[in-house]
Amino acid sequence: MGMVGGGQDAFIGAIHRLAANMDGLIELSCGALSIKPETALASGKALFLPESRIYLTYEEMIKAEAALPADEKIDFVTIVTPNFAHFAPAMMALEHGFNVVIEKPMTFSLEEAKLLKQKVEETGLILCLTHTYSGYPMVKQAKAMVREGKLGKIRKVLVEYPQGWLSTLSEREGNAQAAWRTDPKKSGKSSVMGDIGTHASHLAEYITGAKITDVCAELNTLVEGRLMDDDGAVLLKFDNGAKGVLIASQVAAGEENALKIRVYGEKGGIEWFQHDPNTLMVRWLNEPAQILRAGSNYSYLSSFATHNCRTPGGHPEGYLEAFANIYRNFALTLGCKLDGTEPTPEMLDFPSVEDGVRGMAFIDNVVASSQSDKKWTPYVL
């Protein structure tokens with residue numbers, strides 16, 4: 001792979017490299033690792049890249065790699081820049097014949113997302129979106145149980161993602177991660193829904209297999225002086241008739257990444273909590289509750305769950321492993337494509353360009369709903 005962004009002054013790039021390297025299927029071969037030339041060069045040297053393949057711009061990298069012989073050039077480009085810098089390198093990579101892995105949200109706008117989808121369809125290339133939480137084995141187990149009808153018809157979805165890291169005006173205190181996420185010129189239409197609300201909405205659609213059709217939203221800016229929203233709540237309607245509630249907040253003081261989802265059907269419900277990712281709680285209407293655990297040796301798990309477990313039960317697998325599952329499934333699928341073989345359904349189970357478009361549409365629709373003055377009924381006594 002070749003990487004755009006993710007140099008020594010970045011946060012998520014190292015996570016991507018660890019995840020991509022975990023299963024020995026992917027080698028970092030080149031990079032344009034920073035918009036700062038000195039940082040790009042130093043970062044490439046620190047990662048032992050050949051100097052000839054340490055590039056100062058993504059344009060230089062993509063053009064140079066495309067000109068190499070087929071057995072030397074990279075197979076895909078991974079893009080780990082802030083939101084506003086996703087579209088251009090992704091589109092250029094696709095235009096030059098490279099598959100793409102890209103951070104979420106996929107683009108800065110819905111229009112850009114649709115253009116990427118069109119290019120993917122035109123080229124037949126693969127675009128993988130790193131919605132990390134769908135890589136957890138017990139999230140995949142929850143999806144399998146819903147798909148197999150074990151919970152009956154799905155009626156209710158409750159998903160919440162509270163964080164506390166933006167409880168102060170840290171973007172003005174030297175926090176670079178906060179600075180671009182709360183800048184409308186770099187983050188997009190919504191800060192909280194773009195950054196973490198899209199994770200919650202994707203998880204709801206991924207597990208249930210249903211699509212959101214309607215939203216009723218309120219976005220708030222609770223820290224005085226902040227330029228963008230940092231809190232919000234959304235009522236959801238799904239195409240299977242289910243109803244839902246989504247809460248996302250980055251000013252829930254004391255919270256870390258407390259992503260939780262509950263899905264209820266006619267026969268029972270499931271609960272998954274990111275702080276205890278190896279556990280799936282299953283509650284039945286007229287039977288005792290069950291606690292299911294991740295582990296490659298548990299025969300009661302679906303093939304989709306066990307395919308994404310690396311260790312026996314009782315050995316914790318967490319965020320890095322879930323991230324690595326996204327990369328591994330993408331790499332296995334790409335390998336099959338290069339070899340002319342057929343990938344298994346388990347290999348194909350990673351977020352795609354379609355998920356990216358739906359994520360951008362979610363942001364647009366939530367913002368539009370929040371700005372509307374017609375959705376609330378006054379509370380009358």
Would Leu28 and Leu49 count as a side chain to side chain contact (heavy atoms under 4.5 Å, CB included) here? Give the steps.
CA-CA 8 Å; Leu28 178 65; Leu49 293 177; 4.1 Å; yes
Restricting to non-hydrogen atoms, name the atom on [X] and the atom on [Y] that form the minimum distance, rounded to 0.1 Å.
X: Phe323; Y: Glu103; value: CZ-OE2, 3.7 Å
X: Ile212; Y: Ser201; value: CD1-CB, 4.1 Å
X: Ser170; Y: Arg226; value: N-NH2, 4.1 Å
X: Met106; Y: Leu116; value: CG-CD1, 4.1 Å
X: Val282; Y: Ile270; value: CG2-CG2, 4.1 Å
X: Gly232; Y: Leu219; value: CA-CD2, 4.1 Å

Given Met138, which partner from the list Thr279, Asn308, Leu292 fulfils the side-chain contact (heavy atoms from CB on, under 4.5 Å) test?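 So the option named by the test is Leu292.
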Flag if over 12 foreign heavy atoms under 6.0 Å of [atom1], [X]:
X: Glu51; atom1: CD; value: no
X: Ile291; atom1: CD1; value: no
X: Lys237; atom1: NZ; value: no
X: Lys114; atom1: NZ; value: no
X: Lys63; atom1: NZ; value: no
X: Leu158; atom1: CG; value: yes

Taking the six-membered ring for Trp, are [X] and [Y] parallel (under 30°), tilted (30 to 60°) or perpendicular (over 60°)?
X: Phe330; Y: Phe350; result: perpendicular
X: His131; Y: His199; result: perpendicular
X: His275; Y: Phe273; result: tilted
X: Tyr327; Y: His16; result: perpendicular

With distance as the sole test, does [X] use its side chain to make a donor-acceptor pair with the main-chain N or O of [Y] at under 3.5 Å?
X: Thr198; Y: Gly194; value: yes
X: Asn365; Y: Ala361; value: yes
X: Lys143; Y: Tyr206; value: yes
X: Glu121; Y: Gln118; value: no
X: Ser191; Y: Arg181; value: yes
X: Gln274; Y: Asn257; value: yes
X: Asp231; Y: Ser249; value: no

* What pairs of residues pass the salt bridge (Lys or Arg N to Asp or Glu O under 4.0 Å) test when at least one of them lies in residues 81-97, not counting sequence neighbours? ->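 Every candidate salt bridge (Lys or Arg N to Asp or Glu O under 4.0 Å) pair involving residues 81-97 fails, so no pair, neighbours aside, qualifies.
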query: Tell me the salt bridge (Lys or Arg N to Asp or Glu O under 4.0 Å) pairs involving residues 74-92, sequence neighbours left out?
result: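 Output for this query is empty, none listed.
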side-chain hydrogen bond (donor to acceptor under 3.5 Å, both in side chains) test vs Asn325 passes for just one of Glu317, His307, Arg310, namely Arg310
Only pairs under 3.5 Å count here: list side-chain donor-acceptor contacts from residues 238-246, not counting sequence neighbours, and write none if there are none.
unit_1: Asp239; atom_1: OD1; unit_2: Lys211; atom_2: N; d: 3.1
unit_1: Asn240; atom_1: OD1; unit_2: Ala242; atom_2: N; d: 3.0

**Lys119 and Glu122: CA distance, side-chain angles, deciding distance, salt bridge (Lys or Arg N to Asp or Glu O under 4.0 Å) verdict** = CA-CA 5 Å; Lys119 183 57 67 174; Glu122 287 175 3; 3.2 Å; yes
Give the C-alpha distance, both sets of side-chain angles, the deciding distance and a yes or no for ring-ring contact (aromatic ring centres under 6.0 Å, His included) between His96 and Phe98.
CA-CA 6 Å; His96 284 74; Phe98 294 117; 7.3 Å; no
One thing to verify: whether Glu65 and Arg53 come together as a salt bridge, which I'm taking to mean a side-chain N less than 4.0 angstrom from a carboxylate O.
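Salt bridge: yes.
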